[in-house]
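Lettering of chains follows the sequences in order, A, B, ..., and the numbering in each one begins at 1.
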Amino acid sequence: MTLSLYDTLAREQRPFEPREEGMAALYVCGPTVQGDAHIGHGRAAVVFDVLRRYLEWRGYAVTFVQNVTDIDDKIILRARREGLEPAVVATRYTRAWNRTMDALGVRAPDVQPLATGHLLEMQALIQLLLDQDKAYAVEGNVFFRVRRFAGYGRLSRRRVDDMQQGEDIVDASDKEDPLDFAMWKAAKPGEPAWPSPWGPGRPGWHIECSAMAAKHLGHGFDIHGGGLDLVFPHHENEIAQHEAAHGDTFARYWVHNGMVQMGAEKMSKSVGNVVSLEEALSAWGVGPLRLWYLSAQHRTPLTFDTARLRDAAAVHQRFVTFLRAARRVASDVGVDDTAAAVHRAAFAAAMDADLNAPAAVAAVHELVTAGNEALTAAERGDVAASARVAGLAGALTELGDGVLGLHLEAALADAAGVERQLAALVDSLLEQRAAARAERDFATADGIRDQLGAAGVVVEDRPDGVRWYVADAPTAG
RNA sequence: GGCGGGGUAGCCAAGUGGUAAGGCAGGGGACUGCAAAUCCCCCAUCACGGGUUCGAUUCCCGUCCCCGCCUCCA
């Protein structure tokens, strides 16, 4: 079995063949740090986090690079609005981004390069293009000559002659051709600027990724990722800059995630329908939120809808519930992994098919169903079934937590903490309830159970006695 | 206008040239004092019209509808 990835450049799924056997070098476009992360950022983050985790699970040594754009027009604007230095804004939101990614269960990149830390690399790349006459400087700006790069438009499948010219923020009249884009922007009064051979200024947006990806991952690295909305012009320009300058391949595979939509509309700041990641995390929790992200294949649009999040929360609860029950029976009976193997294989087959997360989650569901079946047998004293439960529970954490990052163990641990705090209180109430039940005073007994239920404590009467636990944190919506 | 993605049960969502995974919701059953949790069963002919084929939801053509990008954006 081989992992296949849909490559935007090829417009088809291609078997993943890394540049170097057993290695995988990934570059994913990161945020422009000028505001709080929203659930659209979260989707991209989770998609590529899962890709990374899956590659590692498959045995690849992964190097994961995600940049931070810490100098940009929007950062300058925001700083001006708030009366702050742009660097203060950038630092503040970089820290916020990292905290939020952490809360989302997204593993930190191996390298998180900052644009402002790579000005020399960018300038060197620009110079290389100037030397080859593929770029030109005008009044302190440097532009890329789009028509001089034959491959331009290959990624986004558009012909140069069809393109409507977008107006750059830099005065378009400086350009030879409206299609040309800025790699270096001359400083304007009051803006941050760095020295360069063309005068003080700052880098254009696209140049940083070309320069930083090549610096940290080398030429022809394996996978370049980002949102579908970055295909044009950002990624098109990244390719143009690198390949025009060096004449070799920039990246081998281009993977793009689909957009998050609000109802039928795309979520965007201009429409004003943005849901921040912090909000979503506190309302739903990491596990359910990630399950929602994984409920659609990564290239298709995903609609934000509280009913969908509720579904995801129910699924999360089901997984956690099995794990909790499995822990009770599977102690020292050994581990039988044979039952898990078929589900692990189904999971891998799904993920191999262009990261088919919905199918992979379906495999986890079937694993859990098998686990619950074994659990029933184990609770009746079937030792072989206990070993199967242990194997299946192990596979659940391996796939669900390890690869998908669903925070099942974490949810269990969180609940356990609350359970410790509530134990004395709950036990005392359950004693009263037991007394009431003994007298067949079910009204009182059920009243106590309802009371506990309202507080998130689930009470179960089992053949071997009462059992209670704290359910997943209650969710909004 | 150019480029691209998509229309599968009440909802979400996989998938395949040979009569369609999984989940949520719903209905029925087992278990329970009742519940909870769990298990079992039921619940679609795949937008529409043609064509190719022994056979199409899956391939081709056309129609309708939805969405994204073409400007900052994950």
Can you tell which of B:G15, B:A21, B:C73 lies closest to the side chain of A:D229? B:C73
A:D180 side-chain N/O to A:K175 backbone N/O, donor-acceptor pair under 3.5 Å: no
Whole angstroms only, please: what is the CG-P distance between A:D73 and B:U71? 16 Å
I'd like to know if A:D177 pairs up with A:R145 as an ion pair, taking the criterion as any Lys NZ or Arg NE/NH1/NH2 lying under 4.0 Å from an Asp or Glu carboxylate oxygen. no
Check every atom of B:A13, B:G4, B:C24 against the side chain of A:A296 and return the nucleotide holding the closest atom. B:A13
Which whole-number value in Å describes the distance from A:D352 CG to B:G15 P? 13 Å
Does this structure show an ion pair linking A:D49 with A:R53, if we count only N-O contacts that are shorter than 4.0 Å? yes
Salt bridge between A:E398 and A:R344, side-chain N to carboxylate O under 4.0 Å? yes
So, are A:D73 and A:K185 salt-bridged, with charged N and O less than 4.0 Å apart? yes
Nearest-Å distance, CD (A:Q297) to P (B:G7)? 12 Å
Any strand: nucleotide that pairs with B:G62 via Watson-Crick or wobble, under 3.5 Å: B:C48
Separation of the P atoms in B:U19 and B:C24, to the nearest angstrom: 27 Å
Would you measure the distance from the P atom in B:G51 across to the matching atom in B:A14 and give it in whole Å? 31 Å
Expressed as a whole number of Å, how far does the C1' atom of B:A20 sit from that of B:A56? 13 Å
Taking atom P in both B:C61 and B:G6, compute the distance separating them and give it to the nearest angstrom. 15 Å
Taking the basic N atoms (NZ, or NE/NH1/NH2) and the acidic carboxylate oxygens, is any pair closer than 4.0 Å for A:E82 and A:R92? yes
Verify the contact: side-chain N or O of A:H365 to OP1 or OP2 of B:G22, cut-off strictly under 4.0 Å; return yes or no. no
To the nearest Å, how far apart are A:E366 CD and B:A21 C1'? 7 Å
A correct 5'-to-3' footprint of nucleotides 30-40 of chain B, with B, S and - meaning base, sugar-phosphate only and no protein heavy atom under 4.0 Å, is ---BBBBBSS-
Can you measure A:L179 atom CG to B:C70 atom C1' for me and round it to whole angstrom units? 12 Å
NZ/NE/NH1/NH2 to OD/OE distance under 4.0 Å, A:E379 and A:R462: yes
Quantified in whole Å, what is the C1' atom distance between nucleotide B:U32 and nucleotide B:C66? 48 Å
Using atom C1' of each nucleotide, how far apart are B:G49 and B:C54 to the nearest Å? 23 Å
Between B:G7 and B:G15, how far apart are the two C1' atoms, rounded to whole Å? 15 Å
Considering heavy-atom distances to RNA chain B, does A:R11 or A:N356 have its closest nucleotide positioned more toward the 5' end? A:R11
If B:G68 has a Watson-Crick or G-U wobble mate with both distances under 3.5 Å, name it; if not, just say none. B:C3
Assign the ring pair A:Y27 / A:H224 to parallel, tilted or perpendicular, where the plane angle (0 to 90°) is split at 30° and 60°. tilted
Taking pairing as Watson-Crick or G-U wobble with both contacts under 3.5 Å, can you name the mate of B:C39, or confirm there isn't one? B:G29
When the P atoms of B:U57 and B:G50 are considered, how many whole Å apart are they? 13 Å
Report which part of the nucleic acid A:L228 touches: base, sugar-phosphate, or nothing (heavy-atom distance under 4.0 Å, all strands). nothing
The Watson-Crick or G-U wobble partner of B:G10, with both key distances under 3.5 Å, is B:C24
Between A:F149 and A:F144, what is the ring plane arrangement, given parallel below 30°, perpendicular above 60°, and tilted in between? perpendicular
Nearest to the side chain of A:D311, which nucleotide is it out of B:G22, B:A74, B:G23? B:G23
In whole Å, I'd like the distance from the NE2 atom of A:H316 to the P atom of B:G22. 22 Å
Spacing of A:L291 atom CG relative to B:C24 atom P, expressed in whole Å: 12 Å
Looking across every strand, which nucleic acid part, if any, lies under 4.0 Å from A:R157 by heavy atom: base, sugar-phosphate, or nothing? sugar-phosphate
For the pair made of CG in A:D354 and P in B:A14, what is the distance, rounded to whole Å? 11 Å
